[in-house]
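Structure, as structure tokens:
Ligands are counted one by one from 1 in listed order, and the atoms in each one are counted from 1 as well. Since we're looking at a predicted model, the values are computed, not measured. For this chain, numbers begin at 1 and follow the sequence in order.
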Amino acid sequence: MPDTGGGGGCCMCCCRFIFTLGLTSLFMWLSLRTSSPDCLLSKFYIPLNQTFNSPNLTTTLEFELRLKNTNKDKGVYYDPINVTFFDSSNRSHFIGNFTVPKFYQGHKKKARKNFTIPNINREVVIQAIPVNGSPAFFRVDLATSVRYKILMFKTKRDKIKVGANIEVNGTVIKVSRKDVKLKSNAKKSRSYYGQMGVFLVEFLVSGLLSFW
Ligand SMILES: *[C@@H]1O[C@H](CO)[C@@H](O)[C@H](O)[C@H]1NC(C)=O
Ligand SMILES: *[C@@H]1O[C@H](CO)[C@@H](O)[C@H](O)[C@H]1NC(C)=O
Ligand SMILES: *[C@@H]1O[C@H](CO)[C@@H](O)[C@H](O)[C@H]1NC(C)=O
Ligand SMILES: *[C@@H]1O[C@H](CO)[C@@H](O)[C@H](O)[C@H]1NC(C)=O
Ligand SMILES: *[C@@H]1O[C@H](CO)[C@@H](O)[C@H](O)[C@H]1NC(C)=O
Ligand SMILES: *[C@@H]1O[C@H](CO)[C@@H](O)[C@H](O)[C@H]1NC(C)=O
Ligand SMILES: *[C@@H]1O[C@H](CO)[C@@H](O)[C@H](O)[C@H]1NC(C)=O
């Protein structure tokens with residue numbers, strides 16, 4: 001009878017090795033995967049006294065931004081955040097923009113802050129509001145890049161491009177009391193480390209297949 005014990009032992013050992021490698025890559029994927037921060041607009045107000053024929057050609061735009069780091073154990077380094085406002089959902093006219101300076105946000109931290117953009121063209125805003133007082137939609141777009149802090153390391157930059165339509169009335173103020181969540185048009189893209197995790201799993205599976 002040929003001795004098959006040795007072969008079996010080798011196979012066991014190999015299985016254990018592959019199992020360990022699998023667990024390690026799963027663990028790595030779980031601890032390296034990141035989720036992008038939530039961006040919300042909680043206030044949007046353009047003071048516009050329409051009954052009074054103001055000599056001022058400009059007004060201001062006031063908004064409050066909320067940013068939430070949704071990661072349990074990773075910090076977020078925000079690059080300068082570009083916030084741009086338009087007078088309609090199809091972005092037909094630019095109203096104003098603002099750049100929030102770069103900052104760091106610890107894990108599970110939230111930030112909310114008011115900003116004011118001066119020198120908003122009154123005419124453009126007035127033209128965007130329907131005369132019959134029916135609500136109109138303005139548009140906000142936000143663009144930035146973030147790096148995540150994992151232990152002592154910084155990941156490479158992840159682009160964030162989100163936006164939302166804001167329903168406003170003639171005042172011009174956001175109609176909904178609720179905060180508007182800014183969303184990405186593109187399908188949620190997997191982060192760099194998510195892709196690396198998938199790559200590792202694929203690598204393992206192909207390794208297993210070629211072994212047998
Ligand atoms: C608009 O301006 C006029 C003149 O300054 C003022 O009397 C009026 O109260 C203002 N209306 C609003 C809604 O602020
Ligand atoms: C016009 O602008 C001046 C200076 O910015 C400001 O003090 C004043 O309140 C404005 N008037 C109106 C009616 O908005
Ligand atoms: C954009 O939207 C505004 C108002 O919603 C509309 O009047 C305008 O025709 C639209 N422009 C285009 C290019 O679709
Ligand atoms: C804001 O708008 C001005 C004028 O359109 C433009 O020159 C500037 O580059 C914009 N800034 C950002 C941060 O988008
Ligand atoms: C922003 O301004 C609104 C009032 O316009 C106020 O209720 C809110 O507390 C302010 N937020 C911050 C972070 O100061
Ligand atoms: C923000 O705006 C500045 C100036 O227009 C531009 O150089 C930068 O690339 C913009 N950032 C993003 C993430 O779009
Ligand atoms: C717009 O909404 C605000 C808050 O909901 C309200 O105080 C204001 O009177 C409204 N203005 C118009 C013109 O409907």
| request: Consider only side-chain heavy atoms of I, L, V, M, F, W and Y, link residues closer than 4.5 Å, and tell whether F44 and F137 are in one cluster. | output: no

Charged N-O contact under 4.0 Å between [X] and [Y]:
X    : Y    : answer
E62  : K43  : yes
E64  : R112 : yes
R139 : D141 : yes
D38  : K110 : no

| request: For atom 9 (O) of ligand 3, state whether the nearest protein heavy atom is under 4.0 Å away. | output: no

| message | Does the protein come close to atom 14 (O) of ligand 6 - that is, does one of its heavy atoms sit below 4.0 Å from that atom? | response | yes

| note | Logged contact type for E62 with ligand 5, heavy-atom cut-off 4.0 Å, is neither

| Which protein non-hydrogen atom lies closest to atom 11 (N) of ligand 5, naming both residue and atom, and how far is it? | E64 OE2, 2.7 Å

| remark: closest protein heavy atom to atom 5 (O) of ligand 3 is S88 CB, 4.3 Å

| Would you say F103 has more than 12 foreign heavy atoms packed within less than 6.0 Å of its CZ? | yes

| Taking heavy atoms and a distance under 4.0 Å, where does T99 meet ligand 6: side chain, backbone, both or neither? | neither

| Minimum non-hydrogen distance to atom 6 (C) of ligand 5, winning option of N114, L65, T116, I173 | N114

| remark: Ranking D141, I81, N82 by closest non-hydrogen atom to atom 1 (C) of ligand 6, top hit is N82

| request: For ligand 3, find out whether one of its N or O atoms is nearer than 3.5 Å to an N or O atom of N90. | output: yes

| query | Parallel under 30°, tilted from 30 to 60°, perpendicular over 60°: which one fits the rings of Y77 and Y104? | reply | tilted

| request: For a side chain to side chain contact (heavy atoms under 4.5 Å, CB included) with S145, tell me which candidate from K156, R157, K161 qualifies. | output: R157

| query | Just which atoms of ligand 5 are under 4.0 Å from any heavy atom in K43? | reply | 2 (O), 4 (C), 5 (O)

| note | For A143, the atoms of ligand 6 under 4.0 Å from one of its heavy atoms are 13 (C), 14 (O)

